[in-house]
Amino acid sequence: MTGWLLLMATGLLATIAVALWRIARGPERADRMMSAQLIGTGGIAIILLLAVAGEDWAMLDVAIVLALLAAVSIIAFAKSVRRVGTGDPEDDDHHD
Amino acid sequence: MTATEWLPFTVCAAALIGLGLYGLVTQPLLLRRVIAFNVIGSGIFLLFGALSGSESAGTDPVPQAMIITGIVVALSATALALALVVAHAREGGRDP
Amino acid sequence: MSLAFNTLLSLIIVAVAAAAILGRQAFMAVVFFIAYGLLIALAWLRLEATNVALAEAAIGAGLTGILLLVAWTRLRALEAPAPSPPHRLLQVLAGAGAGAVTLGLLAAISQLPAVPGLQRDVAEHLPVTGTDNPVTAVLLNFRTWDTLLETLVLLAALVGAWTLTRDEDWPGRAGRRHRVLPDGVLAQFGRVLPPVALVVGAYLVWVGGYQPGGAFQGGTVLAAAWIVAVMTGHLPAPRVDDRWMRMAVLIGPTFFLLVGLAGLVVGAFLYIPPGFAKPVLMAIEATLAVAIAATLAMLVFGAPEQGESS
Amino acid sequence: MIDGLTILLTALGLGFFAVGSLGLVRFPDTASRLHALTKADNLGLGLVALGVALQAPGVVEVIKLVLVWALALFSAGVAAQLIGRVAARRP
């Protein structure tokens, strides 16, 4: 079982490596940020597998923290879309 | 956990320190020098952590605590450095 | 299988670091660094250091990435002139020097004698420290000096960032004013996330007493709650001369110093008598978490710049 | 029996992640990559979390797993909307 879980975790690492290629490639900033998000989700899945494999359930807290802070960095990214950096990407009335 | 299984992280940490040093010296953009500085820092932490494990008695909490302290100090330095980079650009300064 | 996983992870970490350092675009470097922090957190889990993984996930991957994104946005708006790349010779020399450092480190490591760690000593004295988490015991009892000075470093960084304020902006609200559509997706996000972060942050501070967690990890998540509330326009950032904010920032180091001075009465500076250790440590954890949350959030908000945003 | 289910679910989860990252590489434009990605990786995480939940020693761990997945789903949904707008309106 442990071997299987680690095998799955290694497979997830490989998918992360693929997403890294898209960060490098772009072309849009949205592509790069999206790939970072896939890496985040994949990393969280790896942590869940490692928690079972190592029977160390405190690792789940690391997964929660990562999921929370990934959400915060998405807000920071959404802010960075406009040059001003403090607005709302949905706000079409205030072009800058 | 055997020493062999941690060996990749030891090599990885040494490589990170070298990479970070190279970036710190050659990178013309100040923002990216801050990133290089952080890579050096995490490389040093990783080296410390990877070397502190032993086969029998489990992990050593003293390096762990010192690394957590180091992570917080690195964040403080990063926050101040980024504030300086932004202030430098605000005053119209060219990067050196 | 374990070795294969660790090897692949190490390779990916080095590749990501190289991309963040050597690539051309600044934004790409920032995104790579965010991914890098996550991968380093995974490495800490493999090194059986869950406490460090938590700190790295919250601080290294999370907050540092947010600071970089915010700084990148500011720099783009300021349109700083592009610097010229360094001389070819410097690149070659730096490459040779960096390579020598890496190889030298590896050579030195291979010569290291195997020494037993301090885990046995820590385990032996754990009962008198007032906590069951050995890392918390080291941070708040065995090596209290480190932790006290660390909180002062955080404070110094905040003061340093504030000194960069222009005269006409002082003392205003921290950072710039955020403007968000009241019923947009971003505002919705800002309603859901802070309560969850508050609960998770408080939980992490609490469990730091007996399992991975603690004031630094929990405080960072609490800071995230505040940062989200401000960035999504639900709360204004506090003024830099706000009394409550300043009390929150100072309560951690102040309480810590008071404990240290009280220790002087019964023995030595920062000595915590075993009988009082548990309540004292819990109080230190709680006050530190509040101070860390406030300081980190203020560092992300930045020095007052409200004049520009209108 | 339960172990078998965990093996099946984690394998399925990995499959979805693989499909997601394949889409990230193969699809021609930002908008379609966004679509492929947000669905595939969150389904993948859900399946892995389900497989892991079967091995959980207590209710607390299951609650944490649900929280992790809910957070990931929620922020992926929001990110898809916000990033989608950015992709739709190239500056």
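Quick note on labels: first sequence line is chain A, next is B, and so on, each numbered from 1.
Within residues 149-157 of chain C, the residues having any heavy atom closer than 4.5 Å to a heavy atom of chain B are E150(C), V153(C), L154(C), A157(C), listed by residue number.
By number of non-hydrogen pairs under 4.5 angstrom with chain B, the leading residue of L299(C), I40(C), I59(C) is I59(C). Chain C forms more heavy-atom pairs under 4.5 Å with one residue of V25(B), I17(B), L46(B) than with any other, namely L46(B). Chain B forms the most heavy-atom pairs under 4.5 Å with one residue out of L118(C), L67(C), L139(C), V30(C), and that residue is L118(C). By number of non-hydrogen pairs under 4.5 angstrom with chain C, the leading residue of V39(B), L24(B), T78(B) is V39(B). Between chain C and the residues I67(B), V72(B), L21(B), the most heavy-atom pairs under 4.5 angstrom are made by V72(B).
When atom types are taken as modelled, the side chain of R32(B) and the backbone of A20(C) share a donor-acceptor pair closer than 3.5 angstrom. Formation of a donor-acceptor pair under 3.5 Å by the N6(C) side chain with backbone atoms of W6(B) is not found in this model.
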Self-check item: side-chain contact (heavy atoms from CB on, under 4.5 Å) assessment of F32(C) paired with I35(B)
Solution: CA-CA 10 Å; F32(C) 267 124; I35(B) 291 179; over 6 Å; no
Practice problem: I would like to know whether I109(C) and L47(B) meet side-chain contact (heavy atoms from CB on, under 4.5 Å); could you show each step before the answer? | Solution: CA-CA 9 Å; I109(C) 290 161; L47(B) 192 61; 3.4 Å; yes
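Going from atom OH of Y22(B) over to atom CG of L93(C) covers 10.5 Å, rounded to the nearest 0.5 Å. For the atom pair CG of L39(C) and OG of S42(B), the computed distance is 11.0 Å after rounding to the nearest 0.5 Å. Here the CG-CG distance, from N38(B) to L68(C), works out to 7.0 Å after rounding to the nearest 0.5 Å. With values rounded to the nearest 0.5 angstrom, E5(B) atom CD is found 6.5 Å from L3(C) atom CG. Note: L9(C) CG to C12(B) SG = 7.5 Å, rounded to the nearest 0.5 Å. For the atom pair CZ (R33(B)) and CD1 (I21(C)), the distance works out to 12.5 Å, reported to the nearest 0.5 Å.
Heavy-atom minimum distance, A71(C) versus L31(B): CB-CD1, 4.1 Å. Between W44(C) and F45(B), the closest heavy-atom pair is CH2-O, 3.1 Å. Closest of all the heavy-atom pairs between A18(C) and L19(B) is N-CD1, 3.8 Å. For the pair P86(C) and T26(B), the tightest heavy-atom approach, listed with the atom from each and the gap, is CG-O, 2.9 Å. Smallest separation of non-hydrogen atoms from V14(C) and L16(B): CA-CD2, 4.3 Å. What you find for L47(C) and A50(B) is that their closest heavy atoms are CD2-CA, 3.9 Å.
Residues satisfying the side-chain hydrogen bond (donor to acceptor under 3.5 Å, both in side chains) criterion with R143(C), sequence neighbours excluded, are D146(C). Under the side-chain hydrogen bond (donor to acceptor under 3.5 Å, both in side chains) criterion, Q91(C) pairs with no residue, sequence neighbours left out.
Residue V122(C) touches chain B through its side chain alone, counting heavy-atom pairs closer than 4.5 Å. Heavy atoms of F142(C) lying under 4.5 Å from chain B are absent altogether. Both the backbone and the side chain of L164(C) come within contact range of chain B, judged by heavy atoms closer than 4.5 Å. If you measure heavy-atom distances from A15(B) to chain C, the contacts under 4.5 Å come from both the backbone and the side chain.
Among I71(B), V34(B), L75(B), the single residue meeting the side-chain contact (heavy atoms from CB on, under 4.5 Å) criterion with T64(C) is L75(B).
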Could you list the donor-acceptor pairs under 3.5 angstrom formed between side-chain atoms of residues 94-107 of chain C and any protein atom two or more places apart in sequence or on another chain?
unit_1: T102(C); atom_1: OG1; unit_2: A14(B); atom_2: O; d: 3.0
unit_1: T102(C); atom_1: OG1; unit_2: G18(B); atom_2: N; d: 3.4
unit_1: T102(C); atom_1: OG1; unit_2: A98(C); atom_2: O; d: 3.4

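For the pair I68(B)/Q217(C), a side-chain contact is recorded, criterion being any heavy-atom separation below 4.5 Å from C-beta on. Using a 4.5 Å heavy-atom threshold, the side chains of F216(C) and T69(B) count as separate.
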